Protein chains: 2
Amino acid sequence: MDNLQEKNYRKSKQRQKILGILKSTKSHPTASWIYDKLKPGFPSLSLGNVYRNLSILVEQGCIQELKFGSTFDRYDGNVNPHYHFICESCGAIKDIEIEHNDELNRKVEAATNYRVKNHRLEFFGCCDECMN
Amino acid sequence: MDNLQEKNYRKSKQRQKILGILKSTKSHPTASWIYDKLKPGFPSLSLGNVYRNLSILVEQGCIQELKFGSTFDRYDGNVNPHYHFICESCGAIKDIEIEHNDELNRKVEAATNYRVKNHRLEFFGCCDECMN
DNA sequence: TTGAGTGCAAACTATTTGCAACTGG
DNA sequence: CCAGTTGCAAATAGTTTGCACTCAA
């Protein structure tokens with residue numbers, strides 16, 4: 001997961017602009033939204049490079065990626081609300097046996113003016129089989 | 001999001017097998033894992049059809065899809081742990097201002113034998129702008 | 001000078017779709 | 001019969017990568 005040798009990053013206009021736009025918005029943009037925003041003032045910018053820089057920024061800990069643990073969609077035969085644990089080492093997804101807390105939805109409704117229908121809670125870490 | 005006219009679903013061997021395998025496993029399979037499992041005993045099966053049936057099963061409420069709200073990866077300039085709300089109507093992702101509860105990680109560790117490093121909590125519903 | 005960064009296009013991965021044939025009710 | 005379902009292959013969508021050129025330190 002971690003690289004052994006540190007990368008010696010430089011400063012690039014592209015990466016700085018991408019970071020800038022991410023730090024200045026409270027939206028949670030996609031790569032191509034960022035590309036579309038920057039392209040007019042930076043016509044040589046390429047989408048592939050936006051992706052490249054986003055992953056460097058994630059690696060540097062400057063930004064966060066909001067994706068599910070796996071690149072594949074996963075399906076669950078259990079339709080009861082329940083929580084999941086995702087092992088960052090082997091990728092396994094396991095059900096978690098703690099009670100589903102519906103009050104959380106009300107709590108968020110109280111803190112916002114959104115209508116909250118449900119929630120999803122995922123834990124990340126290392127499963128028993130990968131531990132050592 | 002919802003179709004106006006109900007679909008009149010039939011019973012198909014393919015769909016029943018897919019549902020059967022999902023109900024019988026506690027893993028959280030991908031489409032192609034299901035395909036690989038069924039293919040030997042069902043050589044005419046096609047991957048595209050597995051996808052088709054999975055989405056029908058989700059529509060029928062028989063199974064659950066474990067994907068992030070959007071098909072795009074999203075990036076967040078805020079690296080502090082915080083929770084998100086996803087509007088199912090317009091797709092907006094908003095930060096939620098309730099305190100991050102680190103105790104949850106301990107709670108899950110107590111209930112399992114996994115090492116829990118962090119968690120992600122997402123709420124789904126309808127945002128103020130889409131409400132009416 | 002040199003290795004990190006870039007644009008471009010091609011490659012790749014996961015998923016969806018058009019179509020003609022098939023099938024269950 | 002007829003609409004739902006199928007396999008197949010082609011199309012799509014998002015992301016990654018190889019390459020030769022460029023630029024920052």
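Quantities reported herein were computed from a predicted structural model and do not represent experimental measurements. Protein chains get the first letters and strands the later ones, always in sequence-line order, with residue 1 at the start of each.
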Q.
Under 3.5 Å for both pairing distances: what stems, at least three Watson-Crick or G-U pairs long, include DNA chain D?
A. C:1-25 with D:1-25
Q: Would you confirm whether Glu109(A), through its side chain, and Val116(A), through its main-chain N or O, come within 3.5 Å as a donor-acceptor pair?
A: yes
(Q) Tell me if the side-chain of Arg52(B) makes a donor-acceptor pair with the base of dG4(D), cut-off 3.5 Å, by modelled atom types. (A) no
Q. Roughly how many Å is it from CG in Leu19(A) to P in dG5(C), rounded to a whole number?
A. 14 Å
Q.
Taking the side chain as everything from C-beta on, heavy atoms only, tell me whether Lys37(A) gets closer than 4.5 Å to Ile34(A).
A. no
Q: Round to the nearest Å and state the distance from Tyr51(A) atom OH to dG5(C) atom P.
A: 20 Å
Q: Quickly work out the Lys13(B) NZ to dG7(D) C1' distance and round it to whole Å.
A: 15 Å
Q: Can you figure out which of dG7(C), dT15(C), dG25(C) approaches the side chain of Lys11(B) most closely?
A: dG25(C)
Q) Any side-chain N or O of Ser12(A) less than 4.0 Å from the OP1 or OP2 oxygen of dT6(C)? A) yes
Q.
Do the side chains of Glu103(B) and Arg106(B) get close enough for a salt bridge, i.e. N-O under 4.0 angstrom?
A. no
Q. Would one find a side-chain N or O of Gln14(A) under 4.0 angstrom from OP1 or OP2 of dG7(C)?
A. yes
Q: Provide, to the nearest angstrom, the distance between the CD atom belonging to Gln16(A) and the C1' atom belonging to dA4(C).
A: 14 Å
Q.
So does Leu45(A) get a backbone contact from the side chain of Lys39(A), meaning a donor-acceptor N/O pair under 3.5 Å?
A. yes
Q) Atom CG of Asn53(B) and atom C1' of dT5(D): how far apart are they, to the nearest Å? A) 8 Å
(Q) Quiz question: going by heavy-atom distance under 3.5 Å, is there a donor-acceptor pair between the base of dG14(D) and the side chain of Arg74(B)? (A) no
Q.
Any salt bridge linking Glu88(A) with Arg115(B)? Criterion: basic side-chain nitrogen under 4.0 Å from a carboxylate oxygen.
A. no
Q. Quick one: on DNA chain C, does Ser44(A) or Tyr75(A) contact a more 5' nucleotide (nearest heavy atom)?
A. Ser44(A)
Q: Round to the nearest Å and state the distance from Asn49(B) atom CG to dA14(C) atom P.
A: 19 Å
Q: Measure from CG on Leu54(B) to C1' on dT5(D) and round the result to the nearest Å.
A: 15 Å
(Q) Can a donor-acceptor pair be found, under 3.5 Å and without considering hydrogens, that links the side chain of Arg15(B) to the backbone of Arg10(B)? (A) yes
(Q) If I take atom CD1 in residue Ile18(B) and atom C1' in nucleotide dT6(D), what distance separates them, rounded to the nearest angstrom? (A) 11 Å
(Q) dT6(D), OP1 or OP2 - any side-chain N/O from Ser46(B) closer than 4.0 Å? (A) no
Q: Scan side-chain atoms only and decide if His28(B) and Asp95(A) contain a donor-acceptor pair under the 3.5 Å cut-off.
A: yes
Q | Nucleotide nearest Asn8(A) when distance is taken to its side chain, options dG7(D), dG14(D), dA4(C) | A | dA4(C)
Q: Measure from the side chain of Asp73(A), starting at C-beta and using heavy atoms only, and say which of dT6(C), dT15(C), dG7(D) lies closest.
A: dT15(C)
Q: Evaluate the side-chain proximity of Phe85(A) to Thr112(B): yes if any heavy-atom separation is below 4.5 Å, no if none is.
A: no
Q: Measure from the side-chain heavy atoms of Arg10(B) and tell me the nearest of dC19(C), dG7(C), dT5(D).
A: dT5(D)
